[in-house]
Amino acid sequence: MGVETRPLSTLHERTSYDVADFPVPTGREEEWRFTPLRRLRDLHKGAEADGKVVVDVDAAPEVKVETVGRTDERVGKAYVPADRVSAQAYASFAQATLITVPKEVVATSPTVVTLRGEGGVAYGHTTVVLEPFAQATVVLDHIGTATYADNVEFVVGDGASLSVFSLQNWADDAVHLSHQHARLGRDAKFTSFTVSLGGDVVRIAPSVAYDAPGGDAELYGVYFVDKDQHIEHRLLVDHTTPNCRSRVDYRGALQDEGAHTVWIGDVIIRAEAEGTDTYELNRNLVLTDGTRVDSVPNLEILTGEVAGAGHASASGRLDDQHLFYLQARGIPHDVARRMVVRGFLGQLVDKITVPDIQEQVRTAIDKELDRGGASGAAGAAKQAVRGASDEPGATIEQELDR
Amino acid sequence: MATLEIRDLHVAVEDKEILRGVNLTVRAGETHAIMGPNGSGKSTLAYAIAGHPKYDVTGGEVLLDGENVLDMTVDERARAGVFLAMQYPVEVPGVSVSNFLRTAVTAVRGEAPKLRDFSKEMRGAMAELQIDPAFAQRNLNEGFSGGEKKRHEILQLEMLKPKVAVLDETDSGLDIDALKVVSEGVNRFREGGETGVLLITHYTRILRYVKPDFVHVFASGRVVEEGGPELAELLESEGYEKFTKAGASA
């Protein structure tokens, strides 16, 4: 190797706006091998748009919302598609939703984007731009049903701060493939929270790129995978500039036959990205037999000068010792199981800073626990102590604060 | 008036017999100390009574007021009035002490206590055990020191008010101040004279603060000697050697 030769990342993905640059996946490719292509309803083979996802934005008063055409020059700047479905979505969307938070403006309330699927195949595009020193919270709430592929761009300007919540609250039969890319300016702060609960096949690919030093990205994810559901998260954090930070923490629970989750956590620290501080974590809690977890962290370090770099992945069953301890205090098995699962996911849910969303996610997790086949048997016992266990932890804690 | 009756109890762990015919009766108002060397089966007895799945009961019965607790699930035993203070309390991430205690109290009492009453009761019990109120919002046992874990075990004991408490080496790893605080908690629990205590320990130190009515020496999976508090003093001066030999040859 010559002195001038820099090591290249093997995780580096090819990118293009042109669908033709990506062959139709067969399922043998690294990036598709975990995804059930047969259930994508031809999204990977150029399915015609014949359906609708209606976008409705309830914006903070300081925030500008526009619906723009494909040719608007502000759209598609931050992200170049990295796989065929993403390129297809980019080539196929008719209108984009463009949300702009002007320079130095602090949005006083969350901007909630509701994406309501009304059936059929649809493609979409959303661009969120935070001008320098702006601050905002954006919620993407996916409801209804659709076969939907989209790209979401987050452009976080210098010194700006953006919190994003992507909620996959789809109906049971939805298919959703999404790339959600954040580009961070100098000293920009980006926090994303992905909550994947609904849908038949959900494949979300959050990624982060840094344009300047000082960027800070925190990517959290909570998911609950049920019978025959496929929930896949593919993360890529590409450290290309010095002194940036990233944290990834995704946690999920699985129950019932055919529940499958995939977590890919790619982090690249390029030769020029000295002083990078990164850590990524994935944990899965398996509640019944018949589920499958694929968890693959990849950390590629191309410089010797890192501040911190690590990853961890752990998947396992409910801990018998936890259950024994709770049961030994009189708590019925099923209630104990809920407490442990809630506690496991709750450590991330606690980090949700928008109270409405936190409550919504807690309730949704409880519903998932209710519908699990594994919890049905002890229903009567559960009723017996419902009063206490179903009360949000905050209630007793609020009482204690008095 | 509660009675815990252990009759000819045999317990195996992974096909290895650990308890080889234990007989012991704890009546309300009585405190029984079980003393014995490491590996004599003391903890096995505690876990078997509580119903830990790792321990296979291969013979005998454990009756609480005439009902065989061995037929009950772990949580049924606790609701029936059996409490095990564990030697190594388990850390449960994401479950707060207050939420856990309230859920447990609700399960054991059969109805949810009013929030305000409950938090007052909990705060009072925590104060008695010199537990910082901030612990109520921390995750159960997570990051607690050994002494803090043991105090929380006694906090649970005082709030759940079982009929019979099995204390598995609650004194181990405690400094003298913590030992006194924990002992006072046990004494509060038994002061009404309606509860029984089975106190498992390796050392006589705790018996200075929690006076036993009976002392049983455990060796090789059974009781090899029984007596009053004076037996503990004998063990203090002479050690277990005599009994381990007796147990081995029995």
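For clarity, every value in this text was computed on a predicted model and none was experimentally measured. Here is how names work: the chains are called A, B, and so on, in the same order as the sequence lines, proteins then strands, and each is numbered from 1.
- Across all non-hydrogen atoms, the minimal contact from A:Met339 to B:Val95 is O-CG2, 3.4 Å.
- By the 6.0 Å contact criterion, OH on B:Tyr88 is open, its count of non-hydrogen atoms from other residues, nucleotides or ligands being 12 or less.
- A distance of 10.5 Å separates CD in A:Gln327 from CZ in B:Arg77, rounded to the nearest 0.5 Å.
- Of all heavy-atom pairs spanning B:Ala107 and A:Gly330, the tightest one is CB-O, 3.1 Å.
- Heavy atoms of B:Pro162 lying under 4.5 Å from chain A are absent altogether.
- A 6.0 Å sphere centred on CG of B:Asp71 holds more than 12 heavy atoms belonging to other residues, nucleotides or ligands.
- Residue contact with chain A, scored on non-hydrogen atoms closer than 4.5 Å, involves the backbone of B:Ala85 exclusively.
- The parts of A:Gln321 that come within reach of chain B are both its backbone and its side chain, each placing non-hydrogen atoms under 4.5 angstrom from that chain.
- The candidate with the highest count of non-hydrogen atom pairs below 4.5 Å against chain A, out of B:Lys54, B:Glu91, B:Lys120, is B:Glu91.
- Here the side chains of A:Ile331 and B:Asp75 are not in contact, with every heavy-atom distance at 4.5 Å or above.
- When heavy atoms are compared at a cutoff of 4.5 Å, B:Leu140 approaches chain A solely by way of its side chain, counted from C-beta outward.
- Neither the backbone nor the side chain of B:Glu76 comes within contact range of chain A; no heavy atom of the residue lies under 4.5 Å from a heavy atom of that chain.
- Taking CD of B:Glu153 as the start and CZ of A:Arg329 as the end, the distance is 4.5 Å to the nearest 0.5 Å.
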Would you check, one step at a time, whether the test side-chain contact (heavy atoms from CB on, under 4.5 Å) holds for B:Thr73 with A:His333?
-> CA-CA 9 Å; B:Thr73 62; A:His333 179 269; over 6 Å; no
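- Contact record, A:Ala328 with B:Ala78: O-CB, 3.3 Å, taken as the closest heavy-atom pair.
- The aromatic rings of A:Tyr325 and B:Phe100 lie parallel to each other, with less than 30° between the two planes, well short of the 60° mark.
- Ranked by heavy-atom pairs under 4.5 Å with chain A, the first of B:Leu101, B:Val74, B:Leu160 is B:Val74.
- A donor-acceptor contact shorter than 3.5 Å is absent between the side chain of A:His322 and the backbone of B:Val90.
- For the pair B:Pro53 and A:Phe324, the minimum side-chain heavy-atom distance is below 4.5 Å.
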